[in-house]
There are 2 protein chains.
Amino acid sequence: MAARRDPDELVDPLEGAIGYEFRRAAAATILALEAAFAPLGLRPVEAVILRFVDANPGCNQAAISRALGVTRTNMVPFVGRLVGEGLIERQASDGRTHALFLTGQGREVCGRLAQIAQAQDERFFGAFDEATRRMLARAFRRMREEAGTSPRA
Amino acid sequence: MAARRDPDELVDPLEGAIGYEFRRAAAATILALEAAFAPLGLRPVEAVILRFVDANPGCNQAAISRALGVTRTNMVPFVGRLVGEGLIERQASDGRTHALFLTGQGREVCGRLAQIAQAQDERFFGAFDEATRRMLARAFRRMREEAGTSPRA
DNA sequence: TATTGTTATACTCTATAACTATA
DNA sequence: TATAGTTATAGAGTATAACAATA
């Protein structure tokens, strides 16, 4: 007996195409991460910046912008929001540079952030055993490096 | 001997975190795909829409919007551009619905598009053998379904 | 000269509300 | 009452150019 198809449900010509499934899965997990971070009033980018400041106390925002592939220009509103919410603070260091540090509240939020991110990783990658997860994480890192050698880099 | 670290190069506290590597790899492959499609004057979303029309001749744009998770509203400029470039055409069908079809040029572009997408898949996922790629594609699809059961769905 | 932080600006994508024509 | 397509609009992300202060 042939399966009936909802007339609304289209044939997906890209079903099973690995790059397509990869990109759509990533988009879905980003939406889920935004929802998970929303109670903290943070977006994923701001969360990553917070964790970079935590791991690199005293760094400046230009260094973070290079690490994340965000322009210096577009860092301004991100860092401004984090400062405005009292999560990080700027200290004059160089005359043209601000050294960034987490505040006490920033450290607390950063801890909660890390837990949420870890729970999301468990939610979406929990089906893989640890060895597979390490293999995939390395493969994803290599993909990023491979893309970095593209004409755009 | 301890490795010297570029003072500009920050410690990445999320290196090896699978969800983070996953999202950044996806962002990098999307940029690469945009660059690869640029000579055709198409963006990745428009390319997917073209392939949906190819696989579902006569469908309407609301059905595509549901399949892709794009609002009907935001389909308007995408479909408008594809029509404007002579790649798809609208035929009155329902009175309130337009049936979409590829033009001859649309079929040609669609074929080149598919080749480019396949080359990108090979570029980024070529290191995996076929069985692993099938396993991953299914895992990515499951991740999308899992995310779909989130509060946002 | 090069770098940091910034403003201004433009373009795209995304999200919501509302309108029309039709079913 | 629900659906298809559309317009208007607001918000966020992203991109380039330019400037002041500093190294």
Side-chain angles (χ1 to χ4, degrees), chain A residues 6-10 23-24 26-28 30-31 33-35 37-38 41-49 53 56 58-84 88-100 152-153, chain B residues 6-10 23-24 26-28 30-31 33-35 37-38 41-49 53 56 58-84 88-100 152-153:
Chain A
D6 182 338
D8 243 22
E9 186 189 290
L10 301 183
R23 291 185 297 274
R24 292 206 59 178
I30 288 169
L31 285 179
L33 194 64
E34 282 174 3
F37 283 158
L42 293 177
R43 305 192 148 280
V45 199
E46 292 158 352
V48 173
I49 293 172
V53 175
N56 302 274
C59 71
N60 64 59
Q61 68 191 52
I64 300 177
S65 82
R66 282 187 294 268
L68 297 181
V70 175
T71 63
R72 260 179 315 148
T73 294
N74 294 332
M75 287 292 289
V76 175
F78 293 140
V79 173
R81 254 175 277 164
L82 291 168
V83 170
I88 66 180
E89 58 187 2
R90 292 187 249 244
Q91 287 179 19
S93 74
D94 183 280
R96 68 182 173 184
T97 306
H98 299 148
L100 302 177
R152 228 174 236 243
Chain B
D6 181 340
D8 242 23
E9 188 188 288
L10 301 183
R23 290 186 297 274
R24 292 207 60 178
I30 288 169
L31 285 178
L33 195 64
E34 283 174 1
F37 283 157
L42 292 177
R43 307 193 146 278
V45 198
E46 291 158 353
V48 172
I49 292 171
V53 174
N56 301 275
C59 72
N60 64 60
Q61 67 189 55
I64 300 176
S65 80
R66 282 187 294 269
L68 297 182
V70 174
T71 62
R72 259 179 314 147
T73 294
N74 293 333
M75 287 292 288
V76 175
F78 294 139
V79 173
R81 256 174 276 164
L82 291 168
V83 171
I88 66 179
E89 57 187 2
R90 293 187 249 244
Q91 287 179 20
S93 76
D94 183 281
R96 68 181 173 184
T97 305
H98 299 147
L100 301 177
R152 230 174 234 245

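Everything numeric in this text was worked out from a predicted model, so none of it was measured. Quick note on labels: first sequence line is chain A, next is B, and so on, each numbered from 1.
The side chain to side chain contact (heavy atoms under 4.5 Å, CB included) check on Leu68(B) picks up Tyr20(A), Arg24(A), Val48(B), Ile49(B), Phe52(B), Ile64(B), Val70(B), with sequence neighbours excluded. Under the rule for a side chain to side chain contact (heavy atoms under 4.5 Å, CB included), the partners of Thr73(B) that lie at least two apart in sequence or sit in another chain are Thr71(B). Residues satisfying the side chain to side chain contact (heavy atoms under 4.5 Å, CB included) test with Arg96(B), not counting sequence neighbours, are Asp94(B).
Between Phe37(A) atom CZ and dA12(D) atom P there is a gap of 18 Å when expressed in whole angstrom units. Distance, Ile49(B) CD1 to dG5(D) P: 12 Å, rounded to whole Å. At whole-Å resolution of the value, CD in Glu34(B) and C1' in dC13(C) are 11 Å apart. Here the C1' atom of nucleotide dC13(C) and the CZ atom of Arg23(A) are 17 Å apart, to the nearest Å. Taking atom CD on Glu46(A) and atom C1' on dT14(D), their separation rounds to 15 Å, with Å as the unit. Atoms CG (Leu31(B)) and P (dT14(D)) sit 10 Å apart, rounded to a whole Å. Residue Leu68(A) contributes atom CG, which lies 13 Å from atom P of dA15(D) at whole-angstrom precision. In this structure, Ile64(A) atom CD1 and dT3(C) atom C1' are separated by 16 Å, rounded to whole Å.
At a threshold of 4.5 Å between non-hydrogen side-chain atoms, the residues His98(B) and Val79(B) do not count as touching. Looking at heavy atoms from C-beta onward, Glu34(A) lies out of side-chain contact with Phe37(A) at the 4.5 angstrom threshold.
The bend of the helix from dT1(C)-dA23(D) to dA23(C)-dT1(D), defined by the angle between the axes of its first five and last five pairs, stands at 0° to the nearest 10°.
Here the CG-CZ distance, from Leu100(A) to Arg90(A), works out to 7.5 Å after rounding to the nearest 0.5 Å. Summarising the geometry, atom CG belonging to Asn56(B) is positioned 4.5 Å from atom CG belonging to Leu10(A); distances are rounded to the nearest 0.5 Å. Rounding to the nearest 0.5 angstrom, the gap separating the CD atom in Gln61(B) from the CG atom in Leu82(B) is 10.5 Å.
Taking each heavy atom of Asn60(B) and Ala63(B) in turn, the nearest pair found is OD1-N, 2.9 Å. Scanning both residues, Ala99(B) and Gly58(B), for their nearest heavy atoms gives CB-O, 3.4 Å. What you find for Ser65(B) and Ala62(B) is that their closest heavy atoms are OG-O, 2.7 Å.
Remark: Thr73(A), Asn74(A), Phe78(A) in residues 70-79 of chain A come within less than 4.0 Å of DNA chain D through at least one heavy atom. Residues from residues 90-99 of chain B with heavy atoms under 4.0 angstrom of DNA chain D, sorted by number: Arg90(B), Arg96(B), Thr97(B), His98(B).
For the pair Arg43(A) and dT14(C), the criterion of a side-chain N or O lying under 4.0 Å from OP1 or OP2 is not met.
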